[in-house]
Amino acid sequence: MLPLFGDERRREINLGGSSSVTTSQTAILNQARARRIERETVRKRQDSAVTIQAWWRGITDSRRVRQELRELFTGDVTGLTGLRCLVLIGQDTYFLDKWAVEVLSQGSLFSLAHGRDREHWLVLMRQVFFLLLRSVSDRPRSERAVSCLQVLCTLLNPASAIEALGSSGNQLTVSITEYAVRHDLYQYLARSIQTIGPETKNAPTLPFFVELIYRPLNTLERSSEAFLQCFRSLIIHILTTPLLPNRIPISSLTALSAKLPLSSLSVLSTSVAELVSTIPLQSHVHLIANLYAFTSPRYAILPLSSLKTYLQLMTASLSILPVHVLDPPSVSDARAPTMSWADDGDSESEQPQVTVVTSFAPTPRLPPLDARTQKRLQILPSPSHLNSLLKAAQHDHGALPDLVSWLVNLCIVCPTRKSKILSTLLLYGGGGLVREIYRDYVRNSPLGKNENMSSLMDPSLASAWPPLLLLTELYTQSLLTMGDDEFFSNSRTSLSLDELVVFSRALFNIAFTLYWRDDQTKIQEGGVPGLNLRWVGVRDKITKCLQAIHARDSRKPFMPENHWHISSQIDMNSFIDAAVFEEQQLDESSAPRTLTKRQLSHFSPRLGVLNNIPFAVQFETRVLIFRRFVENDKWNRNRDTRGRIDVSIRRGHIAQDGYDRLAEADLRAPIAITFIDQFGEPEAGIDGGGVFKEFFTSLCKEVFDTDRGLWLETKRNEIYPNPHSYATEPHNLNWYRFIGRILGKALYKGILVEVAFAGFFLAKWLDKQSFLDDLASLDPDLYQGLIFLKNYTGDVEDLALNFTVAIEEFGVAKAVDLIPDGSNVPVTRENRLQYIYLTSHYRLSKQIKLQSEAFFEGLSDMIDPKWLRMFNQQELQILLGGVNAPVDVQDLRTHTQYGGLYDNDEPTIQTFWKVLEDFDQEQRRLFLRFVTSCSRPPLLGFKQLNPLFAIRDAGSDEHRLPTSSTCVNLLKLPRYTSEQKLRDKLLQAISSGAGFDLS
């Protein structure tokens with residue numbers, strides 16, 4: 001080799017003689033290093049020169065050889081030599097197109113595929129197939145690619161091969177097809193179709209690409225491994241193509257739909273999970289849309305095994321999608337609350353929405369979906385689609401478990417459509433699906449059985465969860481619009497009472513186990529296998545159903561005694577102590593005071609039970625816990641240096657003065673009331689609690705008077721906020737807030753209130769839903785009308801109803817839309833449950849929303865909301881006004897104090913107790929109301945009366961009537977000498993309806 005850069009190896013000679021200066025050692029080393037680097041640089045340059053020279057020789061030789069191959073190919077285009085040359089030339093579009101045109105024009109594609117050249121032709125043709133496929137995928141819109149595509153289609157068409165070669169042609173086609181599938185046929189086809197785009201349906205290449213999709217599936221033996229691989233590739237690459245049906249011309253789409261072997265979907269049954277795991281997240285949406293588009297017309301004729309596989313595939317894809325991804329953009333926005341028509345949304349006003357999350361990890365985001373894909377996805381939860389699936393699944397019952405799993409995942413991914421989905425299921429076939437799911441799949445389920453509670457979250461039980469969860473959702477939904485008559489009638493559309501007992505106990509066991517776990521992190525972060533649902537979501541769904549069932553049982557008991565209680569499983573004394581301790585720890589921590597029920601469950605298992613399934617603990621025990629909470633709060637406040645609040649109240653203006661002076665005061669602090677008489681002078685006396693009770697009793701008489709305009713009465717004489725717009729004015733809302741604070745003060749001090757609140761109003765305090773049956777007491781005519789509508793067997797549209805409700809204010813009637821543009825939405829058989837719910841919900845909740853919120857805001861100033869959530873509506877009424885139970889005279893006597901000349905052995909006192917023992921219960925209640933202002937005894941007995949009942953000597957004048965001071969629970973009793981006189985005078989006093997004014 002000649003040196004390119006001169007003779008670098010020539011020795012350099014210094015002619016200048018030796019230096020006169022002695023070179024240092026460092027300089028010598030540096031010179032040696034520099035020379036070494038220079039030699040290395042020269043060596044690299046020489047190596048590069050050799051490489052360049054070799055490359056150039058290769059290029060030159062390659063061009064020469066390629067030119068020779070082209071000349072050989074041109075001399076024998078359709079022969080074996082030309083075929084060999086075509087393979088060796090490689091990816092050259094010109095020669096591939098030329099060869100394709102020639103073999104098509106001469107009909108010589110299979111001319112060499114017999115005799116001694118058969119094997120050579122087959123090997124070469126496989127290579128040419130791959131070259132053609134790559135070529136057309138690089139230019140899918142080009143008209144010049146049509147001839148190549150025609151060759152590809154002919155090679156994969158057994159009919160063409162058989163026509164040319166006889167029966168042996170089929171094997172050749174199978175061999176080429178298997179090779180094509182192994183070498184990413186569907187990946188190239190998917191890339192080509194996506195490159196063409198959905199707006200270019202007239203591309204001349206599209207029909208051939210579509211034919212290439214279904215040819216292999218029709219050629220390969222369906223029991224072969226190649227067919228399985230082919231079907232897998234179809235699912236992964238073709239059916240995940242966005243807008244696939246919209247990209248294909250109608251004629252080709254019809255052919256593709258007819259030729260796809262969806263009846264053989266069952267070959268994928270053992271590899272669904274693996275198949276789904278290989279598909280990117282964003283492609284699952286398109287897989288679901290395309291699977292639906294091609295499979296839904298065939299539901300009725302699909303074999304059972306293929307229908308099951310289809311549902312499993314759809315379920316697996318749904319289970320990994322983010323929530324709301326199938327909703328329209330206006331709903332699927334992550335900032336939008338997860339609401340449906342059966343959620344307790346009461347107002348259209350703009351309110352801050354708070355979403356409880358279990359993790360701050362970024363939520364998976366998918367690219368925006370095309371409107372056509374969204375429209376197709378919206379059909380999935382539609383009644384027509386659901387009914388067709390239900391019909392197919394019930395024709396072959398073996399598919400129902402897979403359909404149930406799909407429905408559960410659909411409800412999870414489409415929460416805004418959940419209520420409509422459930423309503424469709426409830427109405428299907430005249431009802432009966434609830435019973436069918438329970439009897440066939442839930443009744444014998446291991447979930448909820450006492451012996452299986454330790455393994456509740458075991459993956460081996462994954463298949464048992466979807467039926468239980470769907471039944472839970474369905475039953476919760478059905479109770480919203482189910483009247484008590486239907487509930488207790490053993491209707492085929494619902495569970496029998498015996499079945500409900502077993503079902504509710506299973507749910508109760510599951511819920512309690514999930515609340516009681518010490519490791520709440522697993523509940524928050526772990527999920528049910530196969531479902532896009534965390535265990536905390538499972539617990540919430542089951543809790544909601546349990547609360548609805550228990551609400552029915554509270555109104556009209558039908559459960560066995562102690563059905564709801566867990567007192568036999570845990571020690572109640574330690575439970576009470578631990579609950580109080582956990583509450584105190586929460587107060588002392590940095591946790592916010594207004595924790596949600598889910599957050600509370602995470603912080604404290606016991607408080608989680610008390611706030612979500614409080615009926616697990618006996619009512620009396622919860623009252624004790626409530627009082628302990630109050631006592632702890634009082635003790636904590638006693639450490640505060642702030643003193644009592646002194647308030648002056650005019651006798652004739654109790655409500656107004658109370659509002660003016662206490663509306664913004666700290667009512668948890670001690671309050672000393674001083675009454676101002678009609679002359680403007682303070683009344684004598686020191687408020688030790690009794691004067692405040694007198695003030696409170698008088699205040700309640702005024703503020704709960706229905707003539708004031710703030711309250712109305714139901715048919716059962718239960719009060720609720722006036723729904724009139726007048727009551728929502730700011731001034732009146734402040735009054736509701738004040739009344740709530742005063743009532744909270746009564747609960748705080750244990751003062752009983754003789755006021756009966758409507759159950760649907762109490763439900764607002766407890767953050768609970770109202771039910772259709774609550775409407776019976778508020779508006780019996782409307783209730784009967786809605787029941788008639790629900791059971792109507794004719795054409796609902798003949799009733800000419802729309803989604804509005806009529807209200808009247810100031811003598812003017814107007815229609816209020818229940819949904820956007822409700823006046824133009826007719827009520828039909830499919831949406832009548834929604835109409836029934838929304839109508840009752842409007843009357844029971846929406847009309848009094850602002851009033852209820854103001855009242856509860858004031859109540860929450862005094863009583864922590866989580867304390868109240870330990871009770872249901874009926875229990876809360878008892879907590880406010882005492883228990884509706886017989887008056888126990890002996891208990892009252894045990895907890896009575898005496899004053900003046902009286903003691904327990906004094907003759908008048910002995911006679912008094914004998915007379916009271918002889919009274920019937922109605923007379924005893926009159927007596928109790930006479931001395932305490934409340935006719936019902938305290939829940940935990942008279943030891944809880946504050947202050948304790950007392951009897952004081954009122955002198956010896958037997959003509960006087962007994963009098964009372966209800967403010968201090970005091971009876972002033974003259975010393976009567978005869979039993980008859982005492983009886984007559986006492987009955988006269990308690991029947992007169994007066995008390996303090998008789999003094």
Side-chain angles (χ1 to χ4, degrees), residues 397-398 400-405 407-408 433-476 478-479 494-520 522-523 526-531 533-550 552-553 557-572 575 601 605-606 608-609 612-618:
H397 272 66
L400 193 55
D402 296 301
L403 177 58
V404 165
S405 297
L407 289 168
V408 170
L433 188 62
V434 168
R435 276 197 175 185
E436 183 177 351
I437 294 176
Y438 174 76
R439 292 177 179 178
D440 292 347
Y441 306 105
V442 175
R443 179 162 54 187
N444 296 321
S445 169
L447 298 175
K449 301 292 189 293
N450 291 328
E451 62 272 15
N452 295 321
M453 297 316 297
S454 59
S455 58
L456 189 64
M457 303 166 73
D458 194 293
S460 63
L461 298 177
S463 61
W465 281 106
L468 179 80
L469 290 172
L470 183 61
L471 178 61
T472 299
E473 295 265 44
L474 282 171
Y475 200 72
T476 305
S478 69
L479 289 177
S494 184
L495 301 179
S496 68
L497 294 184
D498 290 339
E499 289 171 333
L500 188 54
V501 169
V502 178
F503 176 53
S504 62
R505 188 63 200 188
L507 294 183
F508 178 81
N509 287 341
I510 295 170
F512 182 77
T513 300
L514 294 177
Y515 282 114
W516 198 247
R517 282 182 65 95
D518 288 330
D519 181 17
Q520 286 293 315
K522 186 174 182 181
I523 302 293
V528 184
L531 297 178
L533 184 65
R534 298 190 184 279
W535 288 112
V536 67
V538 173
R539 189 177 66 186
D540 290 346
K541 293 177 186 298
I542 292 176
T543 298
K544 190 174 181 180
C545 186
L546 279 173
Q547 290 172 344
I549 297 172
H550 183 262
R552 295 275 172 166
D553 188 44
F558 58 90
M559 290 295 183
E561 188 177 358
N562 295 325
H563 175 79
W564 300 108
H565 298 152
I566 44 89
S567 53
S568 59
Q569 303 175 37
I570 59 176
D571 177 44
M572 277 293 108
F575 180 92
S601 304
R606 291 163 188 83
V609 169
N612 292 277
I613 49 171
F615 40 82
V617 180
Q618 289 186 331

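Residue indices begin at 1 and follow the sequence shown. Owing to the predicted nature of the structure, the values given are computational and were not obtained by experimental measurement.
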N/O donor-acceptor pair under 3.5 Å between R534 side chain and G527 backbone: no

Working for side chain to side chain contact (heavy atoms under 4.5 Å, CB included), residues W516 and I566: CA-CA 11 Å; W516 198 247; I566 44 89; over 6 Å; no

Rounded distance [0.5 Å steps], CD1 in I542 versus CZ in F512: 14.5 Å

Plane angle bin for W465 and W535 - parallel if under 30°, tilted between 30 and 60°, otherwise perpendicular: perpendicular

Straight-line distance of K544 NZ to N612 CG, nearest 0.5 Å: 13.0 Å

Side chain proximity check, I613 to W564, heavy atoms < 4.5 angstrom: no

Y438 OH to N444 CG distance, which is reported to the nearest 0.5 Å: 8.5 Å

Minimum heavy-atom distance V609-A616, with the two atoms named: CG1-CB, 4.1 Å

Closest non-hydrogen atom pair between M457 and L514, with its separation: SD-CD2, 4.4 Å

Closest approach of M559 to I549 (non-hydrogen atoms, all atoms of both residues): CE-CG2, 3.8 Å

Verdict with supporting geometry, L400 and E436, side chain to side chain contact (heavy atoms under 4.5 Å, CB included): CA-CA 10 Å; L400 193 55; E436 183 177 351; 3.4 Å; yes

Main-chain N/O of Y441 paired to S445 side chain as donor or acceptor, under 3.5 Å: no

Check: R505 side chain, H563 main-chain N or O, donor-acceptor pair, under 3.5 Å: yes

Short side-chain to backbone donor-acceptor contact, K541 and G537, under 3.5 Å: no

Shortest non-hydrogen contact from T476 toward C545: OG1-CB, 3.0 Å

E473 side chain near V408 side chain, heavy-atom distance below 4.5 Å: no

Side-chain donor-acceptor pair present, D458, S460, cut-off under 3.5 Å: yes

Smallest separation among heavy atoms of N509 and G448, with atom names: ND2-O, 2.9 Å

Reported CZ-to-CG distance for the pair R443 and L471, which is rounded to 0.5 angstrom: 12.0 Å

Candidate pair D553 and F615, rule side chain to side chain contact (heavy atoms under 4.5 Å, CB included), full reasoning: CA-CA 11 Å; D553 188 44; F615 40 82; over 6 Å; no

Heavy-atom closest contact (L546 atom, A511 atom, distance): CD1-CB, 3.7 Å

S504 vs H550, side chain to side chain contact (heavy atoms under 4.5 Å, CB included): CA-CA, chis, key distance, verdict: CA-CA 9 Å; S504 62; H550 183 262; over 6 Å; no

Heavy-atom side-chain contact between M572 and V617 under 4.5 Å: yes

Test item: Y475 and I437 side chains (from C-beta on) under 4.5 Å apart, heavy atoms: no

Non-hydrogen side-chain atoms of L468 and L507 separated by less than 4.5 Å: yes

Option among T543, V528, L531 that satisfies the side-chain contact (heavy atoms from CB on, under 4.5 Å) test with V538: V528

